Number of protein chains: 2
Amino acid sequence: MDNYRLDEQVGFILRRVNQRHLAIFSQHMPELTPTQFAALAKLVELGEMSQNELGRKIAMDAATIKGVADRLIKRGLLNVRRNPDDSRRKLLCANIAGVALYQQVVAAAERISEKTLSPLSSAEKQELLRLLAKLK
Amino acid sequence: MDNYRLDEQVGFILRRVNQRHLAIFSQHMPELTPTQFAALAKLVELGEMSQNELGRKIAMDAATIKGVADRLIKRGLLNVRRNPDDSRRKLLCANIAGVALYQQVVAAAERISEKTLSPLSSAEKQELLRLLAKLK
DNA sequence: CAAAACTCGTTTGTACACGAACAAGTTTGC
DNA sequence: GCAAACTTGTTCGTGTACAAACGAGTTTTG
(Lines give C-alpha, C1' and ligand atoms only; values in the text may rest on other atoms or scores of the structure.)
Protein backbone atom coordinates (compact mmCIF):
# COMPACT_ATOMS: atom_id res chain seq x y z
CA MET A 1 0.00 0.00 0.00
CA ASP A 2 1.30 3.34 -1.00
CA ASN A 3 -1.02 5.52 1.06
CA TYR A 4 0.06 4.26 4.48
CA ARG A 5 1.82 7.06 6.34
CA LEU A 6 3.67 5.97 9.44
CA ASP A 7 3.96 9.51 10.79
CA GLU A 8 0.19 9.92 10.95
CA GLN A 9 -0.60 6.74 12.91
CA VAL A 10 -1.75 7.03 16.52
CA GLY A 11 0.79 4.58 17.81
CA PHE A 12 3.72 6.38 16.26
CA ILE A 13 2.51 9.77 17.50
CA LEU A 14 1.81 8.40 20.97
CA ARG A 15 5.36 7.12 21.17
CA ARG A 16 6.76 10.55 20.25
CA VAL A 17 4.49 12.37 22.69
CA ASN A 18 5.60 9.97 25.38
CA GLN A 19 9.26 10.57 24.51
CA ARG A 20 8.80 14.29 24.93
CA HIS A 21 7.04 13.76 28.23
CA LEU A 22 9.80 11.49 29.52
CA ALA A 23 12.39 14.11 28.60
CA ILE A 24 10.45 16.76 30.52
CA PHE A 25 10.09 14.36 33.43
CA SER A 26 13.76 13.53 33.82
CA GLN A 27 14.61 17.21 33.50
CA HIS A 28 12.33 18.22 36.37
CA MET A 29 12.67 15.12 38.55
CA PRO A 30 16.08 13.54 38.01
CA GLU A 31 15.84 11.77 41.37
CA LEU A 32 13.17 9.31 40.23
CA THR A 33 11.95 7.68 37.03
CA PRO A 34 8.25 8.09 36.14
CA THR A 35 7.52 4.51 37.19
CA GLN A 36 9.41 4.84 40.46
CA PHE A 37 7.55 8.06 41.21
CA ALA A 38 4.22 6.40 40.38
CA ALA A 39 4.92 3.53 42.76
CA LEU A 40 6.03 5.86 45.55
CA ALA A 41 3.08 8.21 45.01
CA LYS A 42 0.59 5.34 45.15
CA LEU A 43 2.10 3.99 48.35
CA VAL A 44 2.00 7.43 49.95
CA GLU A 45 -1.59 7.90 48.78
CA LEU A 46 -2.96 4.52 49.86
CA GLY A 47 -0.51 3.24 52.45
CA GLU A 48 0.86 -0.26 52.89
CA MET A 49 -0.06 -2.90 50.34
CA SER A 50 1.40 -6.01 48.73
CA GLN A 51 3.83 -5.77 45.84
CA ASN A 52 1.53 -7.22 43.19
CA GLU A 53 -1.40 -5.16 44.44
CA LEU A 54 0.71 -2.03 43.98
CA GLY A 55 1.61 -3.21 40.52
CA ARG A 56 -2.06 -3.61 39.63
CA LYS A 57 -2.90 -0.12 40.84
CA ILE A 58 -0.30 1.46 38.60
CA ALA A 59 -0.65 -0.93 35.66
CA MET A 60 2.63 -2.83 35.99
CA ASP A 61 2.84 -6.58 35.72
CA ALA A 62 4.44 -8.68 38.44
CA ALA A 63 7.85 -8.86 36.77
CA THR A 64 8.02 -5.10 36.22
CA ILE A 65 6.87 -4.01 39.68
CA LYS A 66 9.46 -6.33 41.20
CA GLY A 67 12.31 -4.41 39.62
CA VAL A 68 10.79 -1.05 40.48
CA ALA A 69 10.16 -2.05 44.10
CA ASP A 70 13.65 -3.52 44.45
CA ARG A 71 15.22 -0.25 43.34
CA LEU A 72 13.08 1.82 45.72
CA ILE A 73 13.93 -0.57 48.56
CA LYS A 74 17.63 -0.48 47.74
CA ARG A 75 17.46 3.32 47.94
CA GLY A 76 15.92 3.07 51.39
CA LEU A 77 12.58 4.63 50.47
CA LEU A 78 10.34 1.68 51.36
CA ASN A 79 9.89 -0.67 54.28
CA VAL A 80 9.11 -4.32 53.60
CA ARG A 81 7.51 -6.95 55.79
CA ARG A 82 5.79 -10.28 55.38
CA ASN A 83 2.01 -10.50 55.72
CA PRO A 84 1.43 -12.75 58.75
CA ASP A 85 -1.97 -13.87 57.44
CA ASP A 86 -0.62 -14.80 54.00
CA SER A 87 3.03 -15.67 53.96
CA ARG A 88 3.24 -15.25 50.19
CA ARG A 89 2.56 -11.52 50.38
CA LYS A 90 5.33 -8.96 50.64
CA LEU A 91 3.90 -5.78 52.12
CA LEU A 92 5.42 -2.52 50.92
CA CYS A 93 5.20 0.82 52.66
CA ALA A 94 6.80 4.22 52.09
CA ASN A 95 9.03 4.96 55.09
CA ILE A 96 10.05 8.36 56.46
CA ALA A 97 12.65 8.89 53.76
CA GLY A 98 10.15 7.84 51.10
CA VAL A 99 7.45 10.21 52.31
CA ALA A 100 9.99 13.01 52.63
CA LEU A 101 11.24 12.51 49.08
CA TYR A 102 7.68 12.34 47.80
CA GLN A 103 6.76 15.62 49.47
CA GLN A 104 9.91 17.16 48.08
CA VAL A 105 9.10 16.24 44.48
CA VAL A 106 5.28 16.50 44.16
CA ALA A 107 5.56 20.12 43.14
CA ALA A 108 7.88 19.08 40.31
CA ALA A 109 5.38 16.39 39.28
CA GLU A 110 2.72 19.05 38.91
CA ARG A 111 5.04 21.22 36.84
CA ILE A 112 5.84 18.23 34.63
CA SER A 113 2.17 17.67 33.79
CA GLU A 114 1.75 21.35 33.16
CA LYS A 115 4.76 21.61 30.90
CA THR A 116 3.79 18.51 28.93
CA LEU A 117 0.43 20.09 28.15
CA SER A 118 1.75 23.62 27.74
CA PRO A 119 1.33 23.75 23.91
CA LEU A 120 -2.43 23.46 24.44
CA SER A 121 -5.08 25.94 25.56
CA SER A 122 -7.08 25.23 28.71
CA ALA A 123 -10.01 23.91 26.71
CA GLU A 124 -7.71 21.72 24.63
CA LYS A 125 -6.05 20.28 27.74
CA GLN A 126 -9.43 19.28 29.13
CA GLU A 127 -10.45 17.77 25.81
CA LEU A 128 -7.22 15.82 25.37
CA LEU A 129 -7.46 14.30 28.83
CA ARG A 130 -11.08 13.41 28.21
CA LEU A 131 -10.26 11.68 24.92
CA LEU A 132 -7.19 9.87 26.26
CA ALA A 133 -9.23 8.60 29.20
CA LYS A 134 -11.48 6.87 26.70
CA LEU A 135 -8.50 4.97 25.29
CA LYS A 136 -7.12 3.61 28.55
CA MET B 1 0.28 17.71 48.79
CA ASP B 2 -2.98 15.92 49.31
CA ASN B 3 -4.61 16.97 46.05
CA TYR B 4 -2.14 15.36 43.67
CA ARG B 5 -3.85 12.52 41.84
CA LEU B 6 -1.51 10.27 39.92
CA ASP B 7 -4.31 8.72 37.88
CA GLU B 8 -5.25 12.08 36.39
CA GLN B 9 -1.78 13.10 35.20
CA VAL B 10 -1.08 13.14 31.46
CA GLY B 11 2.06 11.07 31.77
CA PHE B 12 0.36 8.31 33.64
CA ILE B 13 -2.60 8.24 31.26
CA LEU B 14 -0.30 8.33 28.23
CA ARG B 15 1.53 5.29 29.55
CA ARG B 16 -1.72 3.37 29.95
CA VAL B 17 -2.99 4.36 26.51
CA ASN B 18 0.30 3.24 25.07
CA GLN B 19 0.07 -0.09 26.88
CA ARG B 20 -3.34 -0.72 25.38
CA HIS B 21 -2.05 0.19 21.95
CA LEU B 22 0.94 -2.16 22.26
CA ALA B 23 -1.39 -4.99 23.26
CA ILE B 24 -3.54 -4.36 20.19
CA PHE B 25 -0.42 -4.19 18.06
CA SER B 26 1.09 -7.49 19.13
CA GLN B 27 -2.29 -9.13 18.72
CA HIS B 28 -2.66 -8.01 15.11
CA MET B 29 0.99 -8.11 14.05
CA PRO B 30 2.85 -10.73 16.07
CA GLU B 31 5.58 -10.94 13.41
CA LEU B 32 7.04 -7.53 14.24
CA THR B 33 7.32 -5.14 17.15
CA PRO B 34 6.03 -1.59 16.65
CA THR B 35 9.57 -0.27 16.39
CA GLN B 36 10.65 -2.93 13.95
CA PHE B 37 7.61 -2.22 11.81
CA ALA B 38 8.34 1.51 11.92
CA ALA B 39 11.90 0.98 10.75
CA LEU B 40 10.84 -1.37 7.96
CA ALA B 41 7.99 0.91 6.87
CA LYS B 42 10.31 3.92 6.69
CA LEU B 43 12.85 2.03 4.63
CA VAL B 44 10.16 0.84 2.23
CA GLU B 45 8.76 4.36 2.00
CA LEU B 46 12.04 6.21 1.47
CA GLY B 47 14.47 3.58 0.24
CA GLU B 48 18.10 3.10 1.21
CA MET B 49 19.57 5.29 3.93
CA SER B 50 22.17 5.13 6.67
CA GLN B 51 21.39 3.56 10.03
CA ASN B 52 21.51 6.76 12.06
CA GLU B 53 19.51 8.62 9.43
CA LEU B 54 16.80 6.00 9.71
CA GLY B 55 16.90 6.36 13.46
CA ARG B 56 16.40 10.10 13.19
CA LYS B 57 13.40 9.70 10.89
CA ILE B 58 11.60 7.45 13.36
CA ALA B 59 12.83 9.15 16.53
CA MET B 60 15.22 6.50 17.81
CA ASP B 61 18.66 7.32 19.13
CA ALA B 62 21.77 5.66 17.72
CA ALA B 63 21.94 2.98 20.41
CA THR B 64 18.30 1.98 19.95
CA ILE B 65 18.23 1.89 16.16
CA LYS B 66 21.33 -0.32 16.21
CA GLY B 67 19.49 -3.07 18.07
CA VAL B 68 16.37 -2.73 15.93
CA ALA B 69 18.38 -2.82 12.70
CA ASP B 70 20.46 -5.80 13.90
CA ARG B 71 17.28 -7.81 14.56
CA LEU B 72 15.80 -6.97 11.17
CA ILE B 73 19.08 -7.89 9.47
CA LYS B 74 19.32 -11.16 11.42
CA ARG B 75 15.84 -12.00 10.18
CA GLY B 76 16.96 -11.40 6.62
CA LEU B 77 14.66 -8.44 5.94
CA LEU B 78 17.34 -5.83 5.19
CA ASN B 79 20.40 -5.56 3.00
CA VAL B 80 23.46 -3.75 4.32
CA ARG B 81 26.35 -2.17 2.50
CA ARG B 82 29.04 0.38 3.18
CA ASN B 83 28.78 3.87 1.70
CA PRO B 84 31.78 4.19 -0.65
CA ASP B 85 31.86 7.99 -0.25
CA ASP B 86 31.77 7.85 3.55
CA SER B 87 33.14 4.66 5.00
CA ARG B 88 31.57 5.35 8.39
CA ARG B 89 28.05 5.03 7.00
CA LYS B 90 26.18 1.72 7.01
CA LEU B 91 23.50 1.86 4.34
CA LEU B 92 20.30 -0.07 5.07
CA CYS B 93 17.71 -1.16 2.53
CA ALA B 94 14.64 -3.37 2.70
CA ASN B 95 15.30 -6.44 0.49
CA ILE B 96 12.73 -8.60 -1.31
CA ALA B 97 11.80 -10.46 1.86
CA GLY B 98 11.50 -7.16 3.73
CA VAL B 99 9.24 -5.56 1.13
CA ALA B 100 7.15 -8.73 0.93
CA LEU B 101 6.66 -8.85 4.70
CA TYR B 102 5.81 -5.16 4.74
CA GLN B 103 3.16 -5.58 2.08
CA GLN B 104 1.80 -8.54 3.96
CA VAL B 105 1.32 -6.61 7.22
CA VAL B 106 0.36 -3.05 6.17
CA ALA B 107 -3.30 -3.96 6.25
CA ALA B 108 -2.88 -5.13 9.84
CA ALA B 109 -1.14 -1.85 10.66
CA GLU B 110 -4.16 0.03 9.45
CA ARG B 111 -6.49 -2.11 11.52
CA ILE B 112 -4.29 -1.51 14.56
CA SER B 113 -4.64 2.25 14.27
CA GLU B 114 -8.37 1.87 13.74
CA LYS B 115 -8.85 -0.40 16.71
CA THR B 116 -6.77 1.80 18.98
CA LEU B 117 -9.05 4.74 18.18
CA SER B 118 -12.26 2.72 18.05
CA PRO B 119 -13.69 4.06 21.36
CA LEU B 120 -13.85 7.51 19.73
CA SER B 121 -16.23 9.06 17.22
CA SER B 122 -14.86 10.27 13.89
CA ALA B 123 -14.78 13.86 15.10
CA GLU B 124 -13.05 12.82 18.30
CA LYS B 125 -10.42 10.82 16.41
CA GLN B 126 -9.57 13.87 14.29
CA GLU B 127 -9.43 16.07 17.37
CA LEU B 128 -7.24 13.68 19.34
CA LEU B 129 -4.72 13.38 16.51
CA ARG B 130 -4.68 17.14 16.13
CA LEU B 131 -4.02 17.68 19.84
CA LEU B 132 -1.40 14.92 20.09
CA ALA B 133 0.41 16.36 17.10
CA LYS B 134 0.84 19.58 19.09
CA LEU B 135 2.63 17.65 21.84
CA LYS B 136 5.19 15.87 19.69
C1' DC C 1 -10.31 -33.70 53.92
C1' DA C 2 -7.77 -33.95 49.60
C1' DA C 3 -7.16 -32.60 44.83
C1' DA C 4 -7.65 -28.87 41.64
C1' DA C 5 -7.41 -24.19 40.77
C1' DC C 6 -5.61 -20.09 41.78
C1' DT C 7 -2.40 -16.37 43.59
C1' DC C 8 2.14 -14.43 45.05
C1' DG C 9 6.50 -13.44 44.11
C1' DT C 10 10.62 -14.80 41.34
C1' DT C 11 13.57 -15.81 37.40
C1' DT C 12 14.73 -15.97 32.54
C1' DG C 13 14.67 -14.23 27.99
C1' DT C 14 13.67 -10.70 24.61
C1' DA C 15 13.06 -5.95 23.20
C1' DC C 16 12.98 -1.07 23.54
C1' DA C 17 15.05 3.50 25.37
C1' DC C 18 18.55 6.61 26.51
C1' DG C 19 22.92 8.59 28.70
C1' DA C 20 27.77 8.31 28.44
C1' DA C 21 31.99 7.19 26.55
C1' DC C 22 34.77 5.63 22.63
C1' DA C 23 37.39 4.78 17.99
C1' DA C 24 37.45 5.78 13.39
C1' DG C 25 36.33 8.67 9.67
C1' DT C 26 34.95 13.38 7.66
C1' DT C 27 34.45 18.35 7.58
C1' DT C 28 35.67 22.96 9.17
C1' DG C 29 38.43 26.85 10.23
C1' DC C 30 42.42 29.21 10.38
C1' DG D 1 47.36 21.58 5.19
C1' DC D 2 46.40 20.40 9.52
C1' DA D 3 44.42 20.58 14.11
C1' DA D 4 39.85 21.11 16.12
C1' DA D 5 35.19 19.98 15.83
C1' DC D 6 31.90 17.04 14.46
C1' DT D 7 29.54 12.61 12.81
C1' DT D 8 28.89 7.57 12.53
C1' DG D 9 28.35 3.50 14.53
C1' DT D 10 29.50 0.75 18.76
C1' DT D 11 29.53 -0.74 23.58
C1' DC D 12 28.19 -0.50 28.40
C1' DG D 13 25.09 0.35 32.11
C1' DT D 14 20.52 1.18 33.91
C1' DG D 15 15.59 0.98 33.70
C1' DT D 16 11.15 -0.23 31.97
C1' DA D 17 7.90 -3.85 29.80
C1' DC D 18 5.94 -8.28 29.15
C1' DA D 19 5.61 -13.49 28.13
C1' DA D 20 6.46 -17.81 30.06
C1' DA D 21 7.55 -20.95 33.46
C1' DC D 22 8.31 -22.05 38.26
C1' DG D 23 7.87 -23.15 43.58
C1' DA D 24 5.44 -22.19 47.43
C1' DG D 25 1.38 -20.89 49.71
C1' DT D 26 -3.89 -20.29 49.80
C1' DT D 27 -8.64 -21.05 48.39
C1' DT D 28 -12.18 -23.65 46.18
C1' DT D 29 -14.66 -27.76 45.28
C1' DG D 30 -16.14 -32.29 45.09
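Bear in mind the structure is a predicted one, so any value in this text is a computation, not a measurement. A note on names: the letters A, B, ... follow the listed sequences, proteins ahead of strands, and every chain is numbered from 1.
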Nearest-neighbour nucleotide for the [X] side chain, [options] considered:
X: B:Lys90; options: D:dG9, D:dA17, C:dG9; value: D:dG9
X: B:Arg82; options: C:dG9, C:dG25, D:dG9; value: D:dG9
X: B:Ala63; options: C:dA15, C:dG19, C:dT7; value: C:dG19
X: A:Asp86; options: D:dG25, D:dT10, C:dC16; value: D:dG25
X: B:Val68; options: C:dC16, C:dG9, D:dG15; value: C:dC16

So which one's nearest nucleotide on DNA chain D is more toward 5', A:Gly67 or B:Gln51? B:Gln51

What is the distance from atom CZ of A:Arg20 to atom NZ of A:Lys115, rounded to the nearest 0.5 Å?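 Answer for the CZ-NZ pair, A:Arg20 versus A:Lys115, is 9.0 Å.
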
Taking the nucleotide of DNA chain C with the closest heavy atom to each, which residue, A:Arg88 or A:Gln19, is nearer the 5' end?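 Final value for this comparison: A:Arg88.
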
Between A:Ser26 and A:Asn52, who's closer to the 5' end of DNA chain C by nearest nucleotide? A:Asn52

Quick one: [X] [atom1] to [N] [atom2], roughly how many Å, whole number?
X: A:Lys74; N: D:dG13; atom1: NZ; atom2: P; result: 14 Å
X: B:Ile65; N: C:dA15; atom1: CD1; atom2: C1'; result: 13 Å
X: B:Arg71; N: C:dA15; atom1: CZ; atom2: C1'; result: 5 Å

Looking at A:Asp70 and A:Lys66, does any basic side-chain N land under 4.0 Å from a carboxylate oxygen? yes

Are B:Lys42 and A:Asp7 within salt-bridge range, i.e. N to O under 4.0 Å? yes

CD (B:Glu31) with more than 12 external heavy atoms under 6.0 Å: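 Yes, because the 6.0 Å sphere around CD of B:Glu31 holds more than 12 heavy atoms from other groups.
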
